[in-house]
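Reading through the structure tokens given below for one structure.
Chain A is the first sequence line, chain B the second, and so forth, proteins listed ahead of strands; every chain is numbered from 1.
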Protein chains: 2
Amino acid sequence: MSSIKYIAERTGVSITTVSKALNNYPDVSEETKRKIREVAEECGYTPNMAARNLALGKSNIIGLVLSEIRETDSNGNIIFRILIGAKNYCAEKDFELLIISTDIKKQRSKTLVQLCKERQISGVIMYGLKPGDPYFEEITKAELPCIAVDIKLKGRHLATVTTDNVAAVKEVIRQLHDKGHRNIALINGLKEVDVSQYRELGYRTAMQELGIEVKDAYIKYADYYEELACEKTKELLNANPEITAIFCASDLMALGAMRAVQGMGKRVPEEVALVGFDGIQLSDYSNPRLTTVVQDFKGMGRAAAEKLIKMLSGENVNEVDYVPYHFRIRESI
Amino acid sequence: MSSIKYIAERTGVSITTVSKALNNYPDVSEETKRKIREVAEECGYTPNMAARNLALGKSNIIGLVLSEIRETDSNGNIIFRILIGAKNYCAEKDFELLIISTDIKKQRSKTLVQLCKERQISGVIMYGLKPGDPYFEEITKAELPCIAVDIKLKGRHLATVTTDNVAAVKEVIRQLHDKGHRNIALINGLKEVDVSQYRELGYRTAMQELGIEVKDAYIKYADYYEELACEKTKELLNANPEITAIFCASDLMALGAMRAVQGMGKRVPEEVALVGFDGIQLSDYSNPRLTTVVQDFKGMGRAAAEKLIKMLSGENVNEVDYVPYHFRIRESI
DNA sequence: CTGTTAGCGCGTTCAC
DNA sequence: GTGAACGCGCTAACAG
């Protein structure tokens, strides 16, 4: 009801002038600007985004594309932090953040690009999608600006925000080496996931640099499942009792490993040292508390939003940006 | 670019007819409908929501109003589940869910109603706001349709979705009584919060019904903080060593209490039994695992969205709806 | 059954 | 400095 038209009438000027004044154009006298703003204030005027977006042909909306969310998962915690980071930055820049979850129903009927066009979404942040997911494949071919979190993408309209996984894992392995460990195993996540590959690379590189032979028998994949990590750890320790330290590519897997180790009657860290990755809340509550690489998920969300908004405004952005991590050493090593 | 206008030209009919066909109006011949849909498909046509909303003067957008979010908090987990529940329902009904967080900066400059008008938001779900928060006060006076989660509000455009806290706590106390406990203490959350009051009411009612005198010394407030709960528990047990069971109004406080009990060299549950509330992930990982009232946060989010959308479409809705909880009994009692 | 006209609220030429 | 006129994409009332 309280549109610029209404304000125009009430002020006795034209709609155009009101629009210009409210957008602080230089070609309106200070006097009329003052008057118009005053009246706008009085009326509790609020611009209508839909109309503005329509007129401008664009909008300040970006999307956060998530794969199907298992809300019970501790994964949710990570997603939430990314969400909050991105959301906060958007709020500062007067952007809107819309969650786009690959709902099964919608996936069949609408492509990501369609979804975005409908809602005037000019770019997206992507997290948790894997090669093979329809939206993932689409984004590499489409022209939709996209910042991926933890996935390396190449293309003019694509960029990445991530943790320097290789450096982080190298630091972990070096630390374990410093503590005297030589037989260090790796429980990795899903092989196909980008970050898993980088974490394994960090493991292999560090071992080589330290002059330790990498044994394939020391590497297991538990696909980021706690239960699976528990089983794999038992296999690992039964087959290779000389192992004194295990690096797990996620905290949840490390907790599974801890359960296995303790279940076998061995002590952490005296007999087997454990290190996780992520820095989720649970890592604070295990006994002993978990040594882990703390990722700054909120920072990654923020960085992703920042990067996307820059990209949308035509600025050049780096192909990859690393968000600082923090190696938190505690009682599990 | 591919608007209904374009489709109209390419099909040789008028814009109106295209609009009607695409919206499946009855007064367009099947033949032309078919033709138009075909062309629309070809062009990869996608309706422009902004334009539609503008023309319709309304929109299918609802907001999720949250108080300032401490992303480190396990509170985040709860919020996230509510969010997912609401989001999923919205997706089914072709509604959009927008997060509105009471950012400090925005709070001074814009009222909630303004924020909503700007974005064409027709109603909101509210969680985590307390009496005294500006947005909270505003909602009770404004006319914005609002479903509050865990807060009882009265008004034509207001309704509530919550857990039946009184019933749940009564069940807890009765269970403890069945196990032989008579000296049962309560560590409650922030006194001002609605749910705290209901949980205390449940406690008091159950005790009375069981013929046990309620001692004020047995009731402490730890404001939902883990650390504070730890301290209060120590005070409680030192002053009243006869206490054999403590019900905490949140899992996080129960974990604090557990730390206190175990830190005092007492065993859970043999010497002190503990029960929490919420059913957060951490409750699965404590040792012993926590007995708790599992709230269905996702269900509450979903119920809130459903209720709001019904309200918006003019249906009558109950003043309060209870979402079923589940009393999960484990080793801590 | 189909098309014409008008309008949603706002931004932007281009005259005055 | 100011305003009239037009268009963004779509829907609704009315006329044919």
> Any side-chain N or O of A:Ser19 under 4.0 Å from OP1/OP2 of C:dG11?
Replying inline: yes

>> For a quick test of reading the model: is some side-chain N or O of B:Arg52 closer than 4.0 Å to OP1 or OP2 of D:dG9?
In response: no

> What residues, two or more places apart in sequence or in another chain, satisfy salt bridge (charged side-chain N to carboxylate O under 4.0 Å, His left out) together with B:Glu30?
Replying inline: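 Only B:Lys33 meet the salt bridge (charged side-chain N to carboxylate O under 4.0 Å, His left out) criterion with B:Glu30.
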
>> Check this for me: does any side-chain nitrogen of one of A:Glu38 and A:Arg34 sit under 4.0 Å from a carboxylate oxygen of the other?
In response: yes

Within this structure, what is the [atom1]-to-[atom2] distance between [X] and [N], rounded to whole angstrom?
X: B:Ile4; N: C:dG3; atom1: CD1; atom2: C1'; result: 13 Å
X: B:Asn48; N: D:dC10; atom1: CG; atom2: P; result: 6 Å
X: B:Leu22; N: D:dA12; atom1: CG; atom2: C1'; result: 16 Å
X: A:Glu9; N: D:dG3; atom1: CD; atom2: C1'; result: 15 Å
X: B:Asn53; N: D:dG9; atom1: CG; atom2: C1'; result: 11 Å
X: B:Lys58; N: C:dG9; atom1: NZ; atom2: C1'; result: 18 Å

> side chain to side chain contact (heavy atoms under 4.5 Å, CB included) with A:Phe297: which of A:Val149, A:Ile84, A:Ile79, A:Ile78?
Replying inline: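 Considering A:Val149, A:Ile84, A:Ile79, A:Ile78, a side chain to side chain contact (heavy atoms under 4.5 Å, CB included) with A:Phe297 is found only for A:Ile78.
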
>> Does anything in residues 45-57 of chain A form a side chain to side chain donor-acceptor pair (under 3.5 Å)? List the pairs, not counting sequence neighbours.
In response: A:Asn23-A:Arg52, A:Asn48-B:Gln120

> Where along residues 24-40 of chain B does a heavy atom come under 4.0 Å from DNA chain D, residue by residue in number order?
Replying inline: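 Going residue by residue through residues 24-40 of chain B, the ones with a heavy atom under 4.0 Å of DNA chain D turn out to be B:Tyr25.
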
>> I want to check something: taking the side chain as every heavy atom from C-beta on, are A:Leu83 and A:Leu66 in contact at a cut-off of under 4.5 Å?
In response: no

>> What contact category does B:Asn23 fall into here, base, sugar-phosphate, or nothing, at under 4.0 angstrom with non-hydrogen atoms?
In response: sugar-phosphate

> Who are the side chain to side chain contact (heavy atoms under 4.5 Å, CB included) partners of A:Ala8, not counting sequence neighbours?
Replying inline: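 Scan of A:Ala8 (side chain to side chain contact (heavy atoms under 4.5 Å, CB included), adjacent residues dropped) gives A:Ile15, A:Val18.
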
> Excluding sequence neighbours, so at least two apart, what forms side chain to side chain contact (heavy atoms under 4.5 Å, CB included) with A:Leu98?
Replying inline: A:Ile61, A:Arg119, A:Ile121, B:Glu96, B:Leu98

> Under the side chain to side chain contact (heavy atoms under 4.5 Å, CB included) criterion, do A:Tyr127 and A:Asp150 qualify, and how do the steps go?
Replying inline: CA-CA 7 Å; A:Tyr127 178 75; A:Asp150 274 354; 4.1 Å; yes

> Of B:Tyr45 and A:Val13, whose closest DNA chain D nucleotide lies nearer the 5' terminus?
Replying inline: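 Final value for this comparison: A:Val13.
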
Which atoms of nucleotides 4-8 of chain D (N or O only) lie under 3.5 Å from a protein N or O atom, and what are those distances?
from: D:dA4; atom 1: N7; to: A:Thr16; atom 2: OG1; distance (Å): 3.3
from: D:dA4; atom 1: N6; to: A:Thr16; atom 2: OG1; distance (Å): 3.0
from: D:dC8; atom 1: O2; to: A:Ala55; atom 2: N; distance (Å): 3.3

> Between A:Asp133 and A:Lys130, does a side chain to side chain contact (heavy atoms under 4.5 Å, CB included) hold up when you go through it step by step?
Replying inline: CA-CA 6 Å; A:Asp133 287 350; A:Lys130 288 182 272 292; 4.2 Å; yes

